[in-house]
Amino acid sequence: MQVAVLASGSKGNATFIELDGKKLLIDAGISARRIRQELEGIGQRVEELDGVFITHEHGDHISGLVTLTKKYGVQVYSRPETFRAMSCYRELPIECINPIIDRVRLDRVTVRAFDIPHDAANPVGYVVQGSSRCVVATDMGFVDSSLQEMLEGARVMVLETNHDVEMLKNGSYPYSLKKRILGARGHLSNRDAALAVAGLRQRPRKLLLAHLSESNNRPELARETVQAVFSQQGINDVELYLTDQNQCTCVQL
Ligand SMILES: [Zn+2]
Ligand SMILES: [Zn+2]
């Protein structure tokens, strides 16, 4: 399995997963041109994508979608409500639209959508399951027990560590925006992400910290916070990786 976070953050998100011969993208929130370039950088071709799975309709998750479908004919999968809420919905070629509720099977790989709490039409995270398992979960206000269950057993996990709560509270964002981010349908803090992973029965081998805020977080702070929670709980079997808005983070398993 290869997992490559091509870009991650509030300016654009896209994650490539290759498993059992299938090549998938989770979100297309950077330009199709950049997706092509980043894929080339890891020896992959955009023409070979078997599908792109969209988590929700916010611009940082779909901005490259029109070109990706029109130019390369990539099949798009998402919840029906998410398709309808996309600003670009009417520009998508009809033959590329695949509404899914719960799961879709592509040969030996099953992709399962699961609910996440976020201020979008019907947002999801994805479990990609074949001979190995990867979970992508970003843009969520909190992790409850049913969501925690979805995170179980992933070998590679891409998980949101959006902000440091103190940095956010003391930062320059207006009160309404702080409230939104900290709210139940906002974004996940470094510490809450760490606690979610620490609480798993089966933790991931590789944990990729994703969707970091440029204003309310720092990469090293995210890593230190997660590391500190893990150390307190005697967890030393999870490798941490930082993802970046402007460069690809690639892991193999
Ligand atoms: Zn969002
Ligand atoms: Zn986002």
Side-chain angles (χ1 to χ4, degrees), residues 3-17 24-32 34-35 38 52-66 68 76-89 113-126 134-144 147 150-151 157-165 167-168 171 173-174 176-190 192-193 196 207-219 222 241-249:
V3 178
V5 177
L6 308 182
S8 187
S10 56
K11 295 199 179 90
N13 297 273
T15 297
F16 171 80
I17 301 169
L24 312 174
L25 213 56
I26 308 290
D27 287 328
I30 51 176
S31 71
R34 202 173 143 218
I35 289 172
E38 295 289 355
V52 52
F53 290 78
I54 302 298
T55 59
H56 64 295
E57 70 277 13
H58 290 162
D60 57 320
H61 298 261
I62 64 165
S63 64
L65 197 55
V66 170
L68 205 60
V76 190
Y77 300 84
S78 195
R79 290 253 171 97
E81 296 82 0
T82 300
F83 274 116
R84 287 198 292 271
M86 288 177 184
S87 55
C88 63
Y89 181 44
F114 58 88
D115 295 332
I116 56 169
H118 189 54
D119 53 357
N122 196 349
V124 297
Y126 288 105
C134 175
V135 175
V136 177
T138 65
D139 299 68
M140 48 197 176
F142 63 98
V143 176
D144 63 9
L147 210 163
M150 292 296 116
L151 304 180
M157 185 183 297
V158 179
L159 185 66
E160 170 164 56
T161 50
N162 178 261
H163 57 272
D164 176 79
V165 173
M167 264 184 92
L168 176 65
Y173 277 18
S176 58
L177 189 52
K178 288 181 183 178
K179 205 172 144 191
R180 183 202 149 225
I181 295 170
L182 289 168
R185 280 155 55 89
H187 288 278
L188 201 64
S189 73
N190 297 336
D192 286 350
L207 175 61
L208 285 71
L209 308 180
H211 214 300
L212 271 70
S213 166
E214 289 181 350
S215 307
N216 305 310
N217 211 348
R218 283 180 288 107
Y241 297 83
L242 283 161
T243 67
D244 196 283
Q245 189 70 85
N246 301 308
Q247 65 182 30
C248 176
T249 305

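Read the numbers this way: they start at 1 and go in the same order the structure lists the ligands and their atoms. We use all heavy atoms of the structure for the numbers below, so side chains are in, but hydrogens, waters and symmetry mates are not.
For the Zn ion (ligand 1), the nearby protein N/O/S atoms, meaning those under 2.8 Å, are His56 NE2, His58 ND1, His118 NE2, Asp139 OD2.
Under the ring pair (Phe, Tyr, Trp, His ring centres under 6.0 Å) criterion, Tyr77 pairs with Phe53, not counting sequence neighbours. Residues meeting the side-chain contact (heavy atoms from CB on, under 4.5 Å) test with Arg84, sequence neighbours left out: Pro80, Glu81, Tyr89. Residues passing the side-chain contact (heavy atoms from CB on, under 4.5 Å) test with Lys11 are Glu214, Gln245, sequence neighbours excluded.
Note that OG of Ser215 is 9.5 Å distant from CG of Leu168, once rounded to the nearest 0.5 Å.
Looking at Asp139 and Arg185, no side-chain N of the basic residue comes within less than 4.0 Å of a carboxylate O on the acidic one, giving no salt bridge.
With hydrogens and angles disregarded, no donor-acceptor distance shorter than 3.5 Å links the side chain of Glu160 to the backbone of Leu209.
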